[in-house]
S.K.: 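Below: one structure in structure tokens.
Every chain is numbered from 1 and lettered A, B, ... according to where its sequence line falls, protein lines coming before strand lines.
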There are 2 protein chains.
Amino acid sequence: MDEARHFQTFVYERLARLASAVAHPRRLELVDLLCQGPMTVEQLAQKSGMPFASASQHLQHLRMARLVEGERQGSYVCYRLVDDAVTCDLLAALQRAAARYDAEVRAAAQGFLQHYRDVESVDLATLRERMRQEPLLLIDVRPAEEYAAGHWPGAWSLPLEDLANRLAELPRDRAIAAYCRGPYCVLAVHAVNFLRQQGFRAFRLIEGVGEWRSRGEMIAVGDEIRQT
Amino acid sequence: MDEARHFQTFVYERLARLASAVAHPRRLELVDLLCQGPMTVEQLAQKSGMPFASASQHLQHLRMARLVEGERQGSYVCYRLVDDAVTCDLLAALQRAAARYDAEVRAAAQGFLQHYRDVESVDLATLRERMRQEPLLLIDVRPAEEYAAGHWPGAWSLPLEDLANRLAELPRDRAIAAYCRGPYCVLAVHAVNFLRQQGFRAFRLIEGVGEWRSRGEMIAVGDEIRQT
DNA sequence: CAACGAATCAATTGGGCAATTGAATGATTG
DNA sequence: CAATCATTCAATTGCCCAATTGATTCGTTG
């Protein structure tokens, strides 16, 4: 009976340890980036803008918690999530909770989007609804290597940085839906804002690849379509 | 552009703050208990076996994070989750992640269950399958007040502590399924073990009320059946 | 109004975690 | 084999958080 108590406190301790692993802004950002696909320490440090040694140490921390694993490839070390679906799910649950509980997050998001009044945001269900009514073009505005690591089936890769140079490829007779890493990623917002300034019909999909993974949606990798 | 970076780091900070709120064994236990229903500080301190002032302070912490709210009722303060579904979902995601990543948790769970070899554990899907094949009796072995705050529609309330005195009420021609607070709660394990020793056909349902809430299952409260 | 009980506050202590820096490892390239 | 680059390790500092204790607030009851 007493042993039951020990078991419970042990489980709570381990759960807390796991939660602590992601209870840090930098590590959250790293995990969020890794939800997009495997990356080297260099890429992670650069994309998150944090010092090099810092990134490495936080990755060690995450590795201790078995959330990520690193594999040496040549002179680089490539990190990946041990389990995409479970981790993306955890992150998504955290984001849902924050959106529900944290008024400041909602306020910040609203404040941010107010600078881009013309940017319409829709969720996955609404997007599917619209796709039934008219043909859409879906573009993935994340960096090319993240697209390569997994993307929406049928979406084009059109990284935000290349967008201005590749406008000629885009159709003007169809509406364009842009997505990126998730609800708090700014890539798609910028893309849609720019496209609308250029006279395109465009809107933003709120969810990103992480959310789809957590929901078990289909993901395309190269030629094949998988379910994670 | 720079402002976008600020927005992102701000969001990560807030997410980390929220995660920190549950990244503590005691607070996790409190939240887990509150997933069963509203409780006073006294009840929470007693059930978790932690000092009184400690419980109060941790509850303050959770209240800062807007996860819980307290309401004065007479000389007692009753705490409840601000949003059952979202919080239970977060907790469930954390438990799934731990079950996936933490070998020690799995080992501990297995080690614990080995003392109760005869206790069969089934998940929700399997239970529904069996219910189609034969009539079952579903019993809720949590304390009566947790049953009152929300339970499986059609289940009987039969707290573990009363079980030995109320064996006469149970049928011997039907199998009995017992559930409690969740996968890491020990009440149902003890109940099933005891019932089998007494010659009943009994097994344990792994999921608890928290998991159902997170999945949007129906919950009965008094006479009405709700969806959370 | 006094006494009691529930809950919170205040203040101290100790321990652990994060940022930073510089050095060390380990693989690749010329 | 030396040089270079990516990554990790080690060690320092400072800071925040948790546990504990005792005092305080607030409502209820006699």
S.K.: Ignoring hydrogens and geometry beyond distance, is the side chain of B/Gln60 in donor-acceptor contact with the base of C/dA7 at under 3.5 Å?
M.R.: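 Flag unset: no donor-acceptor pair detected.
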
S.K.: If you check the B/Arg27 side chain, which of C/dA19, C/dA7, D/dA18 turns out closest?
M.R.: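 Closest nucleotide to the B/Arg27 side chain: D/dA18.
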
S.K.: Tell me the interatomic distance from B/Leu62, atom CG, to D/dC17, atom P, rounded to whole angstroms.
M.R.: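 Checked: the CG to P distance equals 14 Å.
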
S.K.: Are B/Asp89 and A/Arg96 close enough for a salt bridge, meaning some N to O gap below 4.0 Å?
M.R.: yes

S.K.: Is the shortest side-chain N to carboxylate O distance from A/Glu224 to A/Arg226 below 4.0 Å?
M.R.: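 Result for this pair is yes, salt bridge flagged.
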
S.K.: If you assign each of A/Cys78 and A/Gln57 to its closest nucleotide in DNA chain D, which residue comes earlier from the 5' end?
M.R.: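 Of the two residues, A/Cys78 wins.
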
S.K.: Look at the side chain of A/Gln73 against the base of C/dA27 and say whether a donor-acceptor pair falls under 3.5 Å; ignore hydrogens and angles.
M.R.: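 No.
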
S.K.: Should B/Ser75 be listed as having a side-chain N or O under 4.0 Å from OP1 or OP2 of C/dG5?
M.R.: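 Checking B/Ser75 against C/dG5: no side-chain N or O falls below 4.0 Å of OP1 or OP2.
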
S.K.: Looking at D/dA18, I'd like to know if its phosphate oxygens (OP1 or OP2) sit under 4.0 Å from a side-chain N or O belonging to B/His61.
M.R.: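 Checking D/dA18 against B/His61, a side-chain N or O does come within under 4.0 Å of OP1 or OP2.
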
S.K.: Give the C-alpha distance, both sets of side-chain angles, the deciding distance and a yes or no for side chain to side chain contact (heavy atoms under 4.5 Å, CB included) between B/Leu67 and B/Leu18.
M.R.: CA-CA 9 Å; B/Leu67 275 165; B/Leu18 179 58; 4.1 Å; yes

S.K.: Return the value, rounded to whole Å, for the distance between atom CG of B/Leu28 and atom P of D/dA18.
M.R.: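 It works out to 12 Å between those atoms.
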
S.K.: Send over the distance from A/Met64 CE to C/dG16 P, rounded to a whole Å.
M.R.: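 Atom CE in A/Met64 sits about 16 Å away from atom P in C/dG16.
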
S.K.: Do B/His151 and B/Tyr179 have side-chain atoms, one donor and one acceptor, less than 3.5 Å apart?
M.R.: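 No, no side-chain donor-acceptor contact under 3.5 Å.
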
S.K.: Looking at C/dA19, D/dA19, C/dA7, which one has an atom nearest to any side-chain atom of B/His58?
M.R.: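 Closest nucleotide to the B/His58 side chain: D/dA19.
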
S.K.: For D/dT8, take OP1 and OP2 only and decide whether either is under 4.0 Å from a side-chain N or O of A/Ser56.
M.R.: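 Yes, within the criterion.
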
S.K.: NE2 of A/His24 versus P of C/dG16: gap in Å, rounded?
M.R.: 18 Å

S.K.: So which nucleotide from C/dA7, C/dT8, D/dT20 ends up closest to the side chain of B/Tyr79?
M.R.: C/dT8

S.K.: From C-beta outward on B/Pro51, which listed nucleotide comes closest to its side chain: D/dA19, D/dT20, C/dA7?
M.R.: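 Given the options D/dA19, D/dT20, C/dA7, the side chain of B/Pro51 is closest to D/dT20.
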
S.K.: Does A/Arg181 come within less than 4.0 Å of A/Glu29, counting only side-chain N to carboxylate O?
M.R.: no

